[in-house]
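Note sheet for the following structure.
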Amino acid sequence: MGYKAEHSLFDELANELDVNEVFNIGDSQQARTIMTAIWDGYEVARSL
Ligand SMILES: Cc1cc2nc3c(=O)[nH]c(=O)nc-3n(C[C@H](O)[C@H](O)[C@H](O)COP(=O)(O)OP(=O)(O)OC[C@H]3O[C@@H](n4cnc5c(N)ncnc54)[C@H](O)[C@@H]3O)c2cc1C
């Protein structure tokens, strides 16, 4: 219904933190639903 991802915090952290990887999940990646946000977190946690 026209919601947009707001990922400025992710961009800031990805640019400023001295780490290998910063993950963008949930509505920050793409505005969707609670279920997809939970799956994003699950998939990232599983890949670590
Ligand atoms: C009106 C509305 C109704 C919805 N209804 C449904 C529904 O019925 N079913 C469904 O599945 N989904 C629904 N959604 C979508 C669902 O709410 C989102 O997909 C889900 O909440 C995304 O989770 P998230 O953790 O990615 O983001 P969020 O739940 O938005 O969590 C992000 C958190 O980060 C915090 N934050 C942001 N910037 C900063 C910062 N700089 N520093 C510190 N904290 C920060 C925010 O305060 C927030 O607490 C609805 C969304 C809206 C707007």
Side-chain angles (χ1 to χ4, degrees):
M1 296 297 290
Y3 290 116
K4 288 183 189 164
E6 205 300 285
H7 49 78
S8 56
L9 179 59
F10 165 78
D11 294 340
E12 204 175 308
L13 293 174
N15 287 329
E16 290 183 14
L17 291 180
D18 184 19
V19 295
N20 286 339
E21 206 161 4
V22 179
F23 298 95
N24 189 12
I25 64 170
D27 275 18
S28 166
Q29 183 193 99
Q30 184 185 344
R32 291 163 297 177
T33 66
I34 289 168
M35 184 59 89
T36 53
I38 291 169
W39 272 110
D40 284 353
Y42 171 79
E43 292 293 348
V44 167
R46 209 165 61 97
S47 73
L48 296 177

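Counting convention: from 1, in listed order, for ligands and their atoms alike.
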Note to self: Just so I know, are the side chains of Gln30 and Thr36 near enough to count as touching, which here means a heavy-atom distance under 4.5 Å?
What the structure shows: no
Check: Going by heavy atoms in the side chains, are Ile38 and Ile34 under 4.5 Å from each other?
Finding: yes
Show me, pair by pair, the donor-acceptor contacts under 3.5 angstrom made by side chains of residues 4-13, not counting sequence neighbours?
| residue | atom | partner | partner atom | Å |
| --- | --- | --- | --- | --- |
| Glu6 | OE1 | Ser8 | OG | 3.1 |
| Glu6 | OE2 | Ser8 | N | 3.2 |
| Glu6 | OE2 | Ser8 | OG | 2.8 |
| His7 | ND1 | Asp11 | OD1 | 3.4 |
| His7 | ND1 | Asp11 | OD2 | 2.9 |

Checklist line | ring pair (Phe, Tyr, Trp, His ring centres under 6.0 Å) pairs, two or more places apart, involving residues 26-48 | finding: Trp39-Tyr42
Any protein N or O within less than 3.5 Å of an N or O in ligand 1? List each pair with its distance, or say none.
| residue | atom | partner | partner atom | Å |
| --- | --- | --- | --- | --- |
| ligand 1 | 11 (O) | Ile34 | N | 2.9 |
| ligand 1 | 12 (N) | Ile34 | N | 3.4 |
| ligand 1 | 19 (O) | Asp27 | OD1 | 2.7 |
| ligand 1 | 19 (O) | Asp27 | OD2 | 3.3 |
| ligand 1 | 19 (O) | Arg32 | O | 3.4 |
| ligand 1 | 19 (O) | Thr33 | O | 3.4 |
| ligand 1 | 26 (O) | Asp27 | N | 2.9 |

Name each donor-acceptor pair under 3.5 Å that joins a side chain in residues 16-24 to protein atoms two or more places apart or in another chain, with its distance.
| residue | atom | partner | partner atom | Å |
| --- | --- | --- | --- | --- |
| Asn24 | OD1 | Ser28 | OG | 2.4 |
| Asn24 | OD1 | Gln29 | N | 3.4 |
| Asn24 | ND2 | Ser28 | O | 3.4 |

